[in-house]
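Computed from a predicted structure; not experimentally measured. Below, chain A is the first sequence line, B the second, and so on; all start at residue 1.
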Amino acid sequence: MNLRQELTALKEEALEKISQIKDRQTLERIKAEFLGKKGKLKNILKTLGKLEPEERKEIGKIANTIKEFLEEKLKEKESQLKESALQEKLEKEKIDVTLPSSWIDVGASHPVRSVLIEISHIFLSMGFSIEEGPEVEYEEYNFDMLNIPKDHPARDMQDTFFLNNGMLLRTHTSPVQIRTMLKKKPPIAIIAPGRVYRKDADPTHSPMFHQIEGLMVDTDVTFKDLKGILKIFLENIFGKNVPIRFRPSYFPFTEPSAEVDIGCTVCGGKGCRVCKDTGWLEILGCGMVDPNVFKAVNIDPEKYTGFAFGLGIERIAMLKYQINDIRILFENNMKFNSQFKGIR
Amino acid sequence: MKVPYSWIKEFIDIDIPADIVVERLNTSGIEAVNYKFGKYIQGLVTVKVLSVKQHPEKEKLLICKVTDGNKEYQIITADKNVKEGQILILATPGTKLPRLEIKPIKFGSIESEGMFLSLQELGIEESSDGVFILDESTPVGVDAAKLLGLGEDEIIEIEITPNRGDALSIRGLAREIGAIFGIKRKEKFPVVSILQEVIPQIELVTEKTYRYRGIIIKDVKIKESPLDIKLKLIKSGQKPINNIVDITNYILIQEGQPLHAFDLDKIEGKIIVRNAKEGEKIVTLDGEERKLKDTDIVIADDKKPIAIAGIIGGENTKVDENTKNILLEAAVFDNISIRKTAKRLSISTESSYRFERGVDIENLPNAQDKAVELILNTSGGKAVGENDLYPKPYTPKLIKLREKTTLKILGEVVLKEEAKEILERLEIPTEITEDGTVSTIPAFRALDIEREIDLVEEVGRIKGFDNFAPSYPKVSLESFEKSEEFDFEVRTRDFFKANGLTEVVTYTFVGENIYNLLDLKAPEIQIVNYLLKSQSIMRDNLAVSLLQLLQDNIKHQNKDLAVFEISSAFFEEYEEIRAGLLVTGNLIKGYSYTDKNIKFSTGQKWDFLKLKGLVESYIHSIGLFNIEYKKSQKPYLHPFQSADILINNQNIGYIGKIHPEKAQKLEVPEETFICELKLRYVPRSLNEEKLKDGYLYTLYNSKKVLKFNELPKYPSVKRDLAFVIDENLELDKLIKALKESSDLIDKVELFDVYFMGEGKKSTAFSIEFRASDRSLSDEEVNKEVENIVKFLQKRFKELSLRT
């Protein structure tokens, strides 16, 4: 076998071995075996001195080509190995991404609190501030100073829980009007969200429920302004162009007084069970602050006017989520509560 | 109140459909609905009873022969009131009633060719005492459904606000509808002659009776009322009784004036209108014995009370089938007095309902005379004497309405001419003045219209609130205040929700039972007139409600619970807004990969430290740190897995596991953890400060503004140190001591606790040392460690450094 043939055989052998390489160590070993200082190529080239200069030159060239060729192949193999090692690592780390996650899920909101906060935010962004008062309230603030004297039939409108300490559970958030006006002088623009109580329990009445009271007092506040504010509010809750109707009504602490209806959100005004076939839903009560209330808190009714409104939160939450029995709101069965994830 | 529209039409010429009338009543202040009176039923005929005899086989049945003028029928009935000569409604075979189809049917061996009907079977009364008896003048053989107006007449049902007693009658409704549509009401004045032969002797000895007029009518005949009266009463939801009683009810509805008829022959001596004697008793028309107080008004004779004034008559002077002579009373009593008495005795009658809301004192004679006229025309007899006691005749108030006031309140210009026109439509006489109008308030609005503002309302509501375009207030922003407390609460709520807790709302009142179960003393504030005993105590903590919530959910098989509530707790002088947290069962139900082999495990359960972590995280989220724990004394918590939470030495709540014994009693899982945080103080007194020590909001509100710290310029040196300490030493104390022990300590991190037995534990810390002005050398740090160990050993005798 001449040198040429030897070189070719070496190349063939090396190629064969390279193709068999499975790991890095083998690669290094093969590299040394053929291309190392004591490698096979070097061994062959050692015999080069015996050749004629011209042939030496030619064989040297061939040997170099083979060396470069094999180096290239080894590099290729090396990167292949890297690639497959990475692939293997990745595959080893494979998980089922559809498995249930291992983190806490967000808690659900209570629909009543959610609506209460949503409404509060609407008024806050219009520049109202929030006031509050206690739930155990003086009869004077809950009734007398709101122009509801003892033995007035209006007290029948609100069945009251009386307490053993001579006070009562407030029947509405209106006493916060009194508390606010006793502390502050106009201009006043407040809302008072909170719990209230009436002695009443059936599918549409709960002995404990929530209200938001609104009060605005200044030198130049009119009934038409009240309509404006309520229009903004109702459109923000029930959508633009919701039909709104003002019906004259009676509350001892406002004069004139009105009840506000919106077009039934369930049937769109055609008449259904929810609106009792009237096409309208009663949403809130409102009116211009009665001069007697101003007198009770030492605000001059000749100088100032004001409006007040109050609405039940449960009613709105029930309409919004089409809940037909108020009692379920306070049963706190998690099968109910957990439905309200992702609402405000 | 419900009345047929046809009756209203007798007092006003109107042909506007009921739907529209009702719509306009609603938008001008009287809640109203309308519906048809019953449903038309085919096959009903009026028949006259020819004979009545006992069924030969069935003891309880009668066999009647009746005629419709052409044909005779044999009808079997169980109603013992059926008598010969009566006119009844017969449902002939084939008639389909709301709940029944009539077919010929045999009772024993005898066939019945139809059925006499009661109002109940006609579907217009909830329950009837017997078949419906028509008066003798009713034609026989006519379509009874048509005669009754079934499915034809419109019923208008109204609900008034307490100030609108004036609308509680046909008269008042006609006036209101007239005002709305601009149609003048009609009045038919009664034509009666009242002799002055026997003047009723009446004494008025109470100031709470404003007018009392008695009329004696002799020789009346008690019988069924004429069909027209009966039908109007039925359509107005009243039960016909007899002609005299029916007429008093009829006039009450038509005129709004309650009347009462006494059997004159049962009255002993004169009529005295007086305050009741304390403890005086009377059996009223409903058969109940009533005990009276001296604040009640009674109508009495010389010997006994014969009626509770304005509310209900007495059994002892009742008009019955044998009555011949009557005293017809029309009166006006003090509305507050009537209301108090009616409320105390829990009686609400058509009469008391109207007196409480005000009765037109000036219309009294007119209304009463109409009753007399009807009685004389339908029952015979003659009016022989009248006595009208009216000590202080009504003097109308004059009330001004200035154009500028209307503008100021409504925001709308209403010219005085228009105001006058509107008010006069409401039958309020009004004159024009320089700056507006002046009205003479008639008696029927005396309780309601007392001030200028009340006239503004009248003008506004008749014009229609819906006709005012909305405007937008221009209120000075001067009043604006940032609503910090609300913000704080929303922030708190959002934190707990984002951390997996579900918001709940529980009743703030509970029963005594839960307090007993938890070995807690029931709080002081309780509801006197509670609906349920289990909802009668105002809670002084949220745990009682949350534990009940847990009980309920366990019953519903909801075993994993993580809930919170922000709500009130009640104390003698104040209230607190608290956040209550309750967790049990799984915290996380999902899967975790645990090692290289890609296995996974399920779930993580709630425990004390997890809830503690959540709570601390919340407190940090509102910018408060330095939380400390102190042994808690709550009887419902595990004594060794509970703690009070302190910040700046203020107790702001507690956290703990439920006491296993209580868990057992409540039948809830032992692994239940509760936390309550006192968020805010809510005073009842107006003058008391809201920011009070011991509440998170107060701490939050007064915390120092966060200030940025320069980043370290020199590297830190780390040392791991392990201390052997007494097993019972709370680690919090050791960590605190460590931090105090050297100025060079930048960070302390616990990384291992190992219980060694013999009352010892080993605790390993990774400690970072850093100086702000230089790099620390190893020697310096070694020296410092020695000092630290000495420092610690001074404080904790048994501490040793583990090497």
Side-chain angles (χ1 to χ4, degrees), chain A residues 95 99-102 104-110 112-113 117 120 124 127 129-130 134-136 151 153-154 161-165 179 182 187-189 199 201 207-208 216 218 221-225 227-229 231 245-250 255-256 258 288 291 305 330 332-335 337-338, chain B residues 26-29 161-163 336 339-340 356-357 408-412 453 457 460-461 465-466 468 470-473 475-481 483 486 490 497-498 500-508 525-529 531 549 553 556 558 568 570 575 588 590-593 682 684 686:
Chain A
I95 63 167
L99 276 174
S101 54
S102 180
I104 45 170
D105 192 10
V106 69
S109 301
H110 194 282
V112 168
R113 298 274 298 177
I117 288 167
S120 299
L124 281 175
S129 305
I130 290 184
E135 291 159 51
V136 170
D151 301 309
F161 281 122
F162 293 98
L163 301 170
N164 56 352
N165 63 357
R179 287 176 172 269
L182 284 172
I188 290 170
K199 199 181 161 184
M208 180 190 93
M216 185 176 264
D218 202 355
V221 174
T222 69
F223 187 81
K224 286 169 82 172
D225 293 341
K227 286 192 71 171
I229 287 282
K231 183 168 147 61
R245 172 171 96 162
F246 279 71
R247 278 186 293 110
S249 186
Y250 170 80
E255 182 84 343
M288 299 301 291
T305 54
F330 305 111
N332 292 303
N333 182 340
M334 286 303 123
K335 293 184 176 77
N337 294 64
S338 60
Chain B
N26 274 311
T27 54
S28 53
T161 52
N163 60 325
I336 291 171
R339 184 181 134 78
K340 277 186 179 165
E356 285 174 34
R357 284 154 186 80
K408 194 172 158 69
I409 299 292
L410 297 179
E412 179 96 354
I453 190 76
E457 174 173 45
R461 75 178 181 88
F465 290 165
D466 278 332
F468 302 145
S471 62
Y472 299 89
V475 172
S476 160
L477 282 176
E478 181 189 336
S479 65
F480 181 74
E481 238 175 278
S483 300
F486 177 77
V490 169
K497 273 199 315 163
L501 268 55
T502 284
E503 184 178 39
V504 296
V505 176
T506 62
Y507 287 129
T508 52
I525 302 184
Q526 306 196 357
I527 300 172
V528 181
N529 58 336
L531 280 172
L549 178 149
N553 274 284
H556 288 117
N558 304 327
S568 299
F570 299 83
E575 286 156 31
I588 292 170
Y591 294 74
S592 318
Y593 290 94
V682 182
R684 294 203 184 106
L686 203 59

query = Looking at Gly127(A), Ser129(A), Ser120(A), which one has more heavy-atom pairs under 4.5 Å with chain B than the rest?
reply = Ser129(A)

key: chain B contacts, top residue of Pro291(A), Ala189(A), Ser338(A), Ala201(A) (heavy-atom pairs, under 4.5 Å)   = Pro291(A)

Distance-only side-chain donor-acceptor flag, Asn558(B) / Asn333(A), under 3.5 Å = yes

task = Counting only heavy atoms closer than 4.5 Å, note whether Lys199(A) contacts chain B via side chain, backbone, both or neither.
result = both

query = Looking at Phe465(B), is Lys227(A) sitting on its ring face, NZ or CZ under 6.0 Å from the six-membered ring centre and within 45 degrees of the normal?
reply = no

inquiry  = Heavy-atom pairs under 4.5 Å with chain A - which of Leu686(B), Ile336(B), Val505(B) has more of them than the others?
reply    = Val505(B)

note = Under 4.5 Å to a heavy atom of chain A? For Val475(B) that would be both

note = On a heavy-atom basis, the closest approach of His110(A) and Asn337(A) is CD2-ND2, 3.9 Å

request  = Kindly indicate whether the side chain of Leu163(A), heavy atoms from C-beta on, has any atom under 4.5 Å from the side chain of Val136(A).
outcome  = yes

task = Specify the closest pair of heavy atoms between Arg357(B) and Pro162(B), including all atoms of both residues, with the distance to one decimal.
result = CG-O, 3.7 Å

Pick from Ile525(B), Val682(B), Asn163(B), Leu501(B) with the largest number of heavy-atom pairs that fall under 4.5 Å of chain A = Asn163(B)

Part of Ile188(A) lying under 4.5 Å from any heavy atom of chain B = backbone

inquiry  = Distance alone, cut at 3.5 Å: any donor-acceptor contact between the side chains of Ser471(B) and Asp225(A)?
reply    = yes

ask   = Which pair of heavy atoms, one from Pro256(A) and one from Leu410(B), lies closest together, and at what distance?
value = CG-CD2, 4.0 Å

inquiry  = So which residue, Asn26(B), Val490(B), Leu477(B), ends up with the most heavy-atom pairs under 4.5 Å with chain A?
reply    = Asn26(B)

query = Tell me, side chain or backbone of Met288(A) under 4.5 Å from chain B's heavy atoms, or both, or neither?
reply = side chain

ask   = Taking atom types as modelled, is there a side-chain donor on Lys497(B) or Ser109(A) under 3.5 Å from an acceptor on the other?
value = yes

task = With a 4.5 angstrom heavy-atom cut-off, could you sort out which part of Asn165(A) is near chain B: side chain, backbone, both or neither?
result = side chain

task = Side chain from CB out, backbone as N, CA, C, O: work out which of these in Tyr472(B) comes under 4.5 Å of a heavy atom of chain A, or both, or neither.
result = both

query = Would you call Lys224(A) and Glu412(B) a salt bridge, taking side-chain N to carboxylate O under 4.0 Å as the test?
reply = yes

Most contacts with chain B, counted as non-hydrogen pairs under 4.5 angstrom, among Asp105(A), Leu182(A), Val106(A), Ile130(A) = Ile130(A)

Engaged part of Ser101(A) at the chain B interface, taking heavy atoms whose separation is under 4.5 Å = backbone

ask   = Of all of Lys340(B), Arg684(B), Glu481(B), Arg461(B), which one pairs up most often with chain A through heavy atoms under 4.5 Å apart?
value = Arg684(B)

request  = Compare every heavy atom of Asp466(B) with every heavy atom of Phe246(A), then report the nearest pair and how far apart it is.
outcome  = N-OD1, 2.9 Å

task = Could you look at Val112(A) and say if it's the side chain, the backbone, both or neither that has a heavy atom under 4.5 Å from chain B?
result = neither

task = Report the option among Val528(B), Asn529(B), Leu531(B) that has the most heavy-atom pairs separated by less than 4.5 Å from atoms of chain A.
result = Asn529(B)

task = List the steps and the verdict of side-chain hydrogen bond (donor to acceptor under 3.5 Å, both in side chains) for Glu135(A) and Ser568(B).
result = CA-CA 8 Å; Glu135(A) 291 159 51; Ser568(B) 299; 2.5 Å; yes

ask   = Which answer fits Phe570(B), side chain, backbone, both or neither, if we ask what part of it has an atom under 4.5 Å from a heavy atom of chain A?
value = side chain

ask   = By a 4.5 Å heavy-atom criterion (distance strictly below it), what part of Asp218(A) contacts chain B: side chain, backbone, both, or neither?
value = side chain

